> 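Dropping a structure here in structure tokens format, bear with me for questions.
Numbering of ligands and ligand atoms starts at 1, following listing order. Note that the structure is a prediction, hence the values are computed from the model and not measured.
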Amino acid sequence: MRHLLDITDLSEKEIDALISQAADIKRDPGAYADVCSRKKLATLFFEPSTRTRLSFEAAMLDLGGSVIGFSSADSSSAAKGESVSDTVITVGCYADIIAMRHPKEGAPRIASMRSRVPIINAGDGGHSHPTQTLTDLFTIAEEKGTTQGLTIGLCGDLKFGRTVHSLILALTRRGGVRFVLISPQELRVPPYIIDALERTGTPFTEARSLEEAIGSLDVLYMTRVQRERFFSEDEYLRLKDSYILTPEILSLGRRELSVLHPLPRVNEISRSVDDDSRACYFKQVENGKFVRMALIIKLLAEAGR
Ligand code: NCD
């Protein structure tokens, strides 16, 4: 059974094929309107979500399928103490494919070991978020044509930001990029990400100041400080406004800069940046549905469903 637990579960070729199919779906959604008729997607969200859950659900509905699920642990039998394994065995009796978000790192992997249907990791704790990475890569492909030769700045909570980890792993494998990692000392990327950068010989620098770094970037990937992963509220309050992208700071960036953010945003991009042509985060939201449509088609086909 093929699952998507980490972005590296997909080969480079498969990622390219998904992105090109997503582009095709975006061009001609009507051609895909019945591809998943009579198929069901279950969204098992043990953690809050707006975009990821709703884009998965909209993706399945736009493919002619239907959707079941829950949007919080409180409304599932997890609240009674059921294990994720038992939950997915149960849901596999009702649905053809499962998208799962869970606050514990590795929970979707544990779930996949007993599942009769494909599991898609829709975000596990501070670990990884492979479908956001497909969204990000699709958006970068649309904006820049290629990732080759790009200098990509990642800014904010690089420690707990799971979208950052998956994106770096995908791009280090692809090669041809350079990273500028902009974070407070306390929120640097975890050691396994540094290892991946070093092992693949990917050029990277670490920076503390967004103002100083922004001028060298082709892509700026802003992130929210992940309050729910902090042990101490005081520490969160001290770090939460470390970076705020304002029009003044953006004016130091190149004309061709693309600003991405997985959203939700809290304070880290001021609203007045939204109308700048370099702001791509709402395009990312739209693209998220198309890559998920392509992924659902692929995993259902591979599962023979
Ligand atoms: C991200 C996530 O859940 O990791 N959101 C998303 O899925 N688009 C980013 C975040 O919550 O900060």
> Check each of Q132, M222, R53, H129 against atom 7 (O) of ligand 1 and report the one with the nearest heavy atom.
H129
> Look only at interatomic distance and state if R101 has a nitrogen or oxygen under 3.5 Å from any nitrogen or oxygen of ligand 1.
yes
> Which distance, rounded to the nearest 0.5 Å, do you find between the CD1 of I7 and the CZ of R173?
7.5 Å
> List every atom of ligand 1 that sits less than 4.0 Å from any heavy atom of R224, numbering the atoms from 1 in the order shown and giving each element.
10 (C), 11 (O), 12 (O)
> For T163, take its heavy atoms, then give the atoms of ligand 1 lying under 4.0 Å from any of them.
1 (C), 4 (O)
> Among all protein heavy atoms, pick out the one at the shortest distance from atom 4 (O) of ligand 1; state its residue, atom name and that distance to 0.1 Å.
R162 NE, 2.7 Å
> So is Q226 polar-close to ligand 1, meaning N/O to N/O under 3.5 Å?
yes
> Given D218, which of T151, L257, T147, I152 fulfils the side-chain contact (heavy atoms from CB on, under 4.5 Å) condition?
T151
> Is there a chain of hydrophobic side chains (I, L, V, M, F, W, Y, each step under 4.5 Å between heavy atoms) that links F282 to L245?
yes
> For atom 8 (N) of ligand 1, what's the nearest protein heavy atom and its distance?
P262 O, 2.9 Å
> Could you check atom 9 (C) of ligand 1 against the protein and tell me its nearest heavy-atom contact, residue, atom and distance included?
L263 O, 3.5 Å
> Of all residues at least two apart in sequence or in a different chain, which pass the side-chain hydrogen bond (donor to acceptor under 3.5 Å, both in side chains) check with E228?
R224
> Please determine whether any non-hydrogen atom of P264 lies less than 4.0 Å from an atom of ligand 1.
yes
> My understanding is that only one of M100, M60, R53 makes a side-chain contact (heavy atoms from CB on, under 4.5 Å) with T43; could you say which?
R53
> Got a second to check how far L197's CG is from F179's CZ, nearest 0.5 Å?
6.5 Å
> Any side-chain donor-acceptor pair under 3.5 Å between H3 and R109?
no
